[in-house]
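Just so you know, ligand 1 is whichever comes first in the structure, and atom 1 is the first atom listed for that ligand.
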Amino acid sequence: METKYIFVTGGVVSSLGKGIISSSLACLLKARGLRVTIQKFDPYINIDPGTLNPYEHGECYVTVDGHEADLDLGHYERFTNVHTTKANNVTTGRIYQSVIDKERRGDYLGKTVQIIPHVTDEIKRNIKLLGNTGNFDYIITEIGGTVGDIESLPYLEAVRQLRWELGQNSLCIHLTYVPFLHAAKELKTKPTQHSVKQLQEVGIQPDILILRTEKDIPADMRRKIAQFCNVAPDSVIQSIDLPTIYEVPLKMHEQHLDEIVLKKTGENAEGEPDLKAWLNFLHKMDHAEQTVSIGLVGKYVELQDAYKSINEALFQAATYNDRKLNLVYVHSEKLNEGNVDEKLSGLDGVIVAPGFGQRGIEGKFTALKWCREHDMPTFGICLGMQCMVIEFARNVLGYADANSTEMDIKTPHNVIDLMEDQKSVTAKGGTMRLGAYDCVLKEGSKAARAYGSTHVSERHRHRFEFNSDYRDSYEKAGMMCVGENPETHLVEVVEIPDLRWYIGTQYHPEYSSTVLNPNPIFLDFIKAAIEYKNQNK
Ligand code: GLN
């Protein structure tokens, strides 16, 4: 079949969940045996979100090929179980960089380089890159931002042209918001009408409308929206707030979203998607009665999206262990010797989060010392693992001034240090150790047992590393380096075998955890937390 292109735009307000809708549609099409990928076009000028802080843009997700990407790519992978790559996330910065490079090379010689056609052509070329591989039946393209933004205009113009060129091989889904006015006790459709009008003004007629709402939208109101917006009544679909995002595919399927998309793009819509495994996950989620309480120690705990992939990996692991996840955020800046016992003692497990810089770091050491001394199941990820190593140096090896050179450039005990090939790097964008690397785990280690394998591949995003000069001292004192890169011998995993579950990974296992393929080390961590809880009671 010819590759089909589905465009997803958003209107009225931001944060409506275009990523979740795109992911849910992809999940349904995939469950019908189709080959699907999702890509996101972000209208900002940064080349990628790697240099944005979590206050700006939430978590930075990392693809296997080492691209620092928008967190929506995490949803895409969690819902579809298909890897994304650098080609799945393009920003205005990347588009302009490419156009300007071409101009300097002389590719446009003699021509005035303009937004239309040069920038729009570059956008179109990028939209079709994955389609041209022949690997996909459906390419879902999420256009970041909100219709009406100045920045989105070139993207919408590209979509308009592609809709025209591709005809039935494409369609546009527009996601809007139907607010409920509490004072008037009424749902309001006017913002949706205006938003669709704005799309029509730039020449795009949406084929399907998805309405985000807190309340059920009555059928006659949906018909009214259909009529005002030139959309077929059955193509006006509501997306009501749900307890978890993982129920969205089912709600979309109940309203025939997958069927409508197939029909409108000229494909056979008979049959049903195979959602057995997905439903099994939801069943477990609904029937879990007992809870497992995990503390997440980090400095961005007030931000919902800063640790997105960790939250989701924990949720998946808890669900597969038949538990409800009670995630307790522990602010590392506010943690000290005086309150650590009160903050951590009621928990069943603790995760120390990844991060950068000095802020909140002492609280992480305080948490780790308490966890180590109380034999609490503890998981350190990236900076969290580095903190495990530093805390052990300070309090077990007796190097009171041990540190990472990220925090203290002059530390005499640089147990965490810059990699040699990072020392000359000055540019910040895309220069860390990024993407998936192999790791060999020591036979019989807790980490190897958790994975059920001695060979794993996980994604990285860091500059600093365990300093192997100290490896012997650590191993003699009981912290073992149980995972290493087979080529560089960089230490990737440490653990204290004498403790219940005290493991630190230099890599980020959360990025590869999906609904249908939860990450084994998260599963094992939750299992250990449940055992600890049961022993404690
Ligand atoms: N700041 C640390 C480093 O660059 C850890 C990074 C992280 O936690 N992602 O090595």
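The ring-ring contact (aromatic ring centres under 6.0 Å, His included) search around F365 returns none, not counting sequence neighbours.
Aromatic ring pairs are classed by plane angle as parallel below 30°, tilted from 30° to 60° and perpendicular above 60°; the pair Y61 and Y511 is perpendicular. Classification of the H75-F79 ring pair by plane angle, with boundaries at 30° and 60°, yields perpendicular.
Test T405, N403, N467 against D417 for side chain to side chain donor-acceptor pair (under 3.5 Å) and you get one pass: T405.
In this comparison of C60, S404, G355, the heavy atom closest to atom 8 (O) of ligand 1 sits on G355.
No close placement of the Y437 and Y507 rings is indicated, their centers lying 6.0 Å or farther apart. Proximity of the aromatic rings of F466 and Y474 is defined here by a centroid distance below 6.0 angstrom, and this criterion is met.
Within a 6.0 Å radius of NZ in K410, other residues, nucleotides and ligands contribute 12 heavy atoms or fewer.
Ranking protein heavy atoms by distance to atom 4 (O) of ligand 1, first place goes to R463 N, 3.0 Å.
Of the N or O atoms in H462, none lie within a sub-3.5 Å distance of an N or O in ligand 1. Polar contact with ligand 1: present for L383 (N/O pair, distance under 3.5 Å). For F464, a nitrogen or oxygen atom sits less than 3.5 Å from a nitrogen or oxygen atom of ligand 1, counting backbone and side chain alike.
Near H508, with a cut-off below 4.0 Å to any heavy atom, the atoms of ligand 1 are 9 (N). Close approach of ligand 1 to R461 (heavy-atom distance below 4.0 Å) involves ligand atoms 6 (C), 7 (C), 9 (N). Residue contact check: E406 has heavy atoms under 4.0 Å from atoms 1 (N), 2 (C), 3 (C) of ligand 1. Interface atoms of ligand 1 facing C382, defined by a heavy-atom separation under 4.0 Å, are 5 (C), 6 (C), 7 (C), 8 (O), 9 (N).
The shortest distance between side-chain heavy atoms of R359 and Y300 falls below 4.5 Å.
Proximity of Q386 to ligand 1 is established by a heavy-atom distance of less than 4.0 Å. Residue contact check for ligand 1: M432 places no non-hydrogen atom closer than 4.0 Å to it.
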